[in-house]
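Notes to accompany the following structure.
Model, not experiment: these values are computed from the prediction. Below, chain A is the first sequence line, B the second, and so on; all start at residue 1.
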Protein chains: 2
Amino acid sequence: MTKKVTITDLAKKAGVSVTTVSQILNGKDARFSTKTIEKVKALQKDMGYIPDFNAQNLISKTGKTIGVLIPSLSNPFFAIFSAGIQNEARKEEYVPLVFASNNDRELENQYLLESIRRAADGMIISSPVSDVDYIDSILSQNHIPYILIDQAPSAQEDPIDVANYEGGAKVANYLLENGHTRIVIVAGDDPTVNIRKRLQGFRDAFKDHGVTISDNQIIYTHLSKKGGYDVSNKAVAAKPTAIFAVNDELAIGLYRGIKEAGLRIPDDISVVGYDDIDWAKYVDPKLSTVHQPALEMGQAAAKLIIERIESGNNGSLESGRKISLPIQLIKRGSVKKIN
Amino acid sequence: MTKKVTITDLAKKAGVSVTTVSQILNGKDARFSTKTIEKVKALQKDMGYIPDFNAQNLISKTGKTIGVLIPSLSNPFFAIFSAGIQNEARKEEYVPLVFASNNDRELENQYLLESIRRAADGMIISSPVSDVDYIDSILSQNHIPYILIDQAPSAQEDPIDVANYEGGAKVANYLLENGHTRIVIVAGDDPTVNIRKRLQGFRDAFKDHGVTISDNQIIYTHLSKKGGYDVSNKAVAAKPTAIFAVNDELAIGLYRGIKEAGLRIPDDISVVGYDDIDWAKYVDPKLSTVHQPALEMGQAAAKLIIERIESGNNGSLESGRKISLPIQLIKRGSVKKIN
DNA sequence: TTGAAAGCGCTAACAA
DNA sequence: TTGTTAGCGCTTTCAA
């Protein structure tokens with residue numbers, strides 16, 4: 001096995017010092033002769049020299065790496081969210097290290113440590129099972145800035161605001177306009193703050209119209225298609241005229257269960273989701289939902305964390321600016337007007 | 001900003017040399033007194049010492065990193081595939097660096113170089129636009145083993161075999177058994193070898209039954225839901241009794257178009273997909289398809305590349321063992337018997 | 001049972 | 001315009 005070309009090899013071959021090569025290749029070539037510069041650059045190509053990442057990082061203390069913790073890649077929302085992070089990171093020459101924790105606390109913890117070990121410069125954490133205090137303590141100790149997205153009950157305000165309260169209220173008003181007052185809500189177990197706000201907005205809007213939604217109208221289940229499917233009987237049994245699923249995956253699971261129960265959407269029952277994953281347009285009937293800008297959220301998260309990294313603001317809970325992103329109610333075919 | 005704890009800090013505090021600390025922390029503690037060992041280990045916890053990744057790699061020349069190139073995360077097949085890689089890699093303490101190239105050749109190339117720069121020990125490439133010769137040359141030069149999955153026309157046999165020819169044939173026979181001979185195939189542009197084999201198996205099976213499927217019965221489009229949707233009119237216009245979509249995304253796009261055209265599945269037209277993404281069970285009617293073990297494929301890919309890395313087999317095209325994975329025809333509700 | 005010293009590949013003061 | 005030297009944090013001979 002031929003060894004990798006090092007800067008010393010290159011320097012020798014060029015008949016200059018390693019400093020010269022290093023400087024030139026790093027763009028600090030002001031003080032060198034054109035001749036030397038060209039010689040070095042040509043040789044770099046010829047020899048296929050690529051600077052050693054580890055050696056560089058050992059000195060610079062930054063590998064331009066962002067650790068990313070998400071619950072799962074199989075939820076399209078997070079797949080797109082991750083894509084957004086990657087897009088934005090790329091512009092600044094950062095690389096995301098994406099870990100899916102599957103809501104497994106231990107795994108999540110391992111991946112957190114692995115990110116630190118791999119010298120992540122910052123972290124984006126969007127995995128809901130986290131113990132926020134623990135994360136804050138370990139990350140602060142290591143002086144790694146981080147942002148929490150869509151996080152478990154936490155003192156910290158989400159730095160990326162996507163108007164969940166308003167979103168929930170929009171769904172409520174949409175349903176109200178269409179005459180629905182007999183409602184079931186389907187939510188994921190251990191709802192995150194974002195989803196709680198969404199729920200709160202929804203319930204408050206109903207209350208404003210004189211309709212109280214009690215806790216037993218909320219069904220909790222695993223936050224997935226299967227979770228929605230599993231509780232569809234229960235949801236249907238309550239004989240609502242409309243169901244609000246706190247995300248689209250849930251809604252699509254409900255679709256299946258509702259149809260298997262012999263009911264039609266929206267004739268027998270209306271369904272509204274949340275997220276507007278691309279699949280929402282491909283189910284029958286097309287799903288009414290609230291558009292969340294998943295891609296933009298990923299981009300915003302990456303932008304924010306890079307800002308913090310480069311500003312040296314190793315901020316924990318208190319720090320940093322916020323980004324607000326718009327949401328939008330998308331009316332499609334899954335809600336019917338009743339009277 | 002407090003500095004990160006280094007091995008020197010720890011050694012000083014323990015009153016021993018860095019060698020001692022290094023040896024003990026790396027499990028080579030045979031020759032040290034229990035007392036020293038305990039002291040060092042305790043101090044590690046206390047001080048929160050984490051060895052510097054870059055410094056370690058600089059010496060060991062391996063960062064236990066696998067570069068992964070996929071077309072996109074938004075296709076659930078690849079999301080699951082990536083999850084499989086991560087699962088398996090984790091067991092061996094490798095970390096995948098996942099890059100989605102979106103079929104953009106330039107991006108793909110950038111990510112390839114970035115993986116090399118970041119000292120990937122091996123690569124899994126599953127992005128169909130690649131220029132295989134180029135990849136082989138650059139990776140070989142850098143002595144990085146790699147495996148190509150589901151790759152563009154290539155001399156190399158896929159190291160992970162998922163019986164595409166047989167899969168295609170199974171779909172064909174299924175359709176044949178149900179009386180379908182008027183067929184349209186919907187495929188992605190620039191089909192990969194795997195998909196070609198799938199197609200070939202399909203066509204050969206029909207031919208065996210005396211039915212020739214001509215090239216103009218194949219419609220090419222973007223390999224996505226939208227791609228399927230976009231050509232649905234064209235597909236319907238050919239008045240087939242059944243459509244074979246080479247993947248589920250395409251099939252689900254077709255579903256939408258077919259319904260919008262006022263036709264019913266499977267009464268007016270039967271549809272079969274390929275992949276068995278989890279969504280296949282959640283569309284109406286449930287999609288008949290061929291189950292591809294995406295998760296297992298990811299695991300197998302990771303296993304294979306780790307084997308090559310650790311065996312020092314920096315193999316390019318010729319090398320390495322193969323893994324065969326079973327597929328399965330899943331009959332659901334999207335095919336109807338006709339006569 | 002322990003430590004001194006060299007060196008991994010690179011960057012950056014400081015000289016020349 | 002270029003080179004010498006030190007040193008990043010760690011592992012690993014080799015010696016004590």
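Taking atom CD1 of B/Ile37 as the reference point, atom C1' of C/dT2 lies 12 Å away to the nearest angstrom. Between B/Asn54 atom CG and D/dG7 atom C1' there is a gap of 15 Å when expressed in whole angstrom units. Look at CZ on B/Arg31: it is 11 Å from C1' on D/dA15, rounded to the nearest Å. Between A/Asp52 atom CG and C/dT11 atom P there is a gap of 10 Å when expressed in whole angstrom units. Across the protein-nucleic acid pair, B/Asn57 atom CG and D/dT12 atom P stand 13 Å apart, rounded to whole Å. As rounded to whole Å, 11 Å separates atom P of D/dT12 from atom CD1 of B/Ile7. Going from atom CG of A/Asp29 over to atom C1' of C/dT11 covers 16 Å, rounded to whole Å. Atom NZ in A/Lys28 sits roughly 18 Å away from atom P in D/dG3 (whole-Å rounding).
Classification of the B/Phe81-B/Phe78 ring pair by plane angle, with boundaries at 30° and 60°, yields perpendicular.
Of the possible polar contacts, none joining the A/Ser22 side chain to the A/Val18 backbone as a donor-acceptor pair under 3.5 Å is found.
The residues A/Arg118 and A/Glu114 are annotated as salt-bridged, a charged nitrogen and a carboxylate oxygen being separated by less than 4.0 angstrom. Between B/Arg105 and B/Glu108, no side-chain nitrogen of the basic residue sits less than 4.0 Å from a carboxylate oxygen of the acidic one, so the salt-bridge criterion is not met.
Along DNA chain C, the nucleotide closest to B/Ser33 and the one closest to B/Ala55 are compared, and the more 5′ of them pairs with B/Ser33. Between A/Gly15 and B/Ser60, the one whose closest nucleotide on DNA chain D sits nearer the 5' end is A/Gly15.
In this structure, A/Lys12 has no salt bridge (Lys or Arg N to Asp or Glu O under 4.0 Å) partners at least two apart in sequence or on a different chain.
Side-chain atoms of B/Ser22 stay outside donor-acceptor range of the base of D/dT12, with no qualifying N/O pair under 3.5 Å. Judged by distance alone with a 3.5 Å cut-off, a donor-acceptor contact links the side chain of A/Thr19 to the base of D/dT4.
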- Could you please spell out the steps behind the side-chain hydrogen bond (donor to acceptor under 3.5 Å, both in side chains) verdict for A/Thr62 and A/Ser60? CA-CA 5 Å; A/Thr62 164; A/Ser60 70; 5.6 Å; no
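Within the 4.0 angstrom heavy-atom criterion, only backbone atoms of the sugar-phosphate kind lie near B/Asn26; the bases stay farther away. Using a 4.0 Å heavy-atom cutoff across all strands shown, A/Lys35 reaches no nucleic acid atom at all. A/Thr36 comes within 4.0 angstrom of the backbone, heavy atoms only, and of no base. Contact annotation for B/Phe53: no contact, since no heavy-atom pair falls under 4.0 Å across all strands.
Of the listed residues (A/Ile66, A/Ile309, A/Ile306), just one forms a side-chain contact (heavy atoms from CB on, under 4.5 Å) with A/Glu92, and that residue is A/Ile306.
Dashed line: the shortest gap from a side-chain N or O of A/Gln56 to OP1 or OP2 of C/dG9 is not under 4.0 Å. A close approach under 4.0 Å does not occur between any side-chain nitrogen or oxygen of B/Gln23 and OP1 or OP2 of C/dT2. Listed pair B/Lys61 / C/dG9 meets the phosphate criterion, a side-chain N or O lying under 4.0 Å from OP1 or OP2.
Comparing D/dC10, C/dG3, D/dC8 by their closest approach to the side chain of B/Pro51 singles out D/dC10. Distance from the side chain of A/Thr20 is smallest to D/dT2 among C/dT1, D/dG9, D/dT2. Relative to the side chain of B/Ile59, the nucleotides D/dC10, C/dG3, D/dG3 differ in distance, and D/dC10 lies closest.
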- Query: Where each pair must be Watson-Crick or G-U wobble with both distances under 3.5 Å, what dot-bracket representation of DNA chain C is obtained, with crossing pairs in [ ] and other-strand partners as |?
  - Reply: ||||||||||||||||
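Judged by distance alone, the side chains of B/Tyr94 and B/Asp121 never bring a donor and an acceptor atom under 3.5 Å apart.
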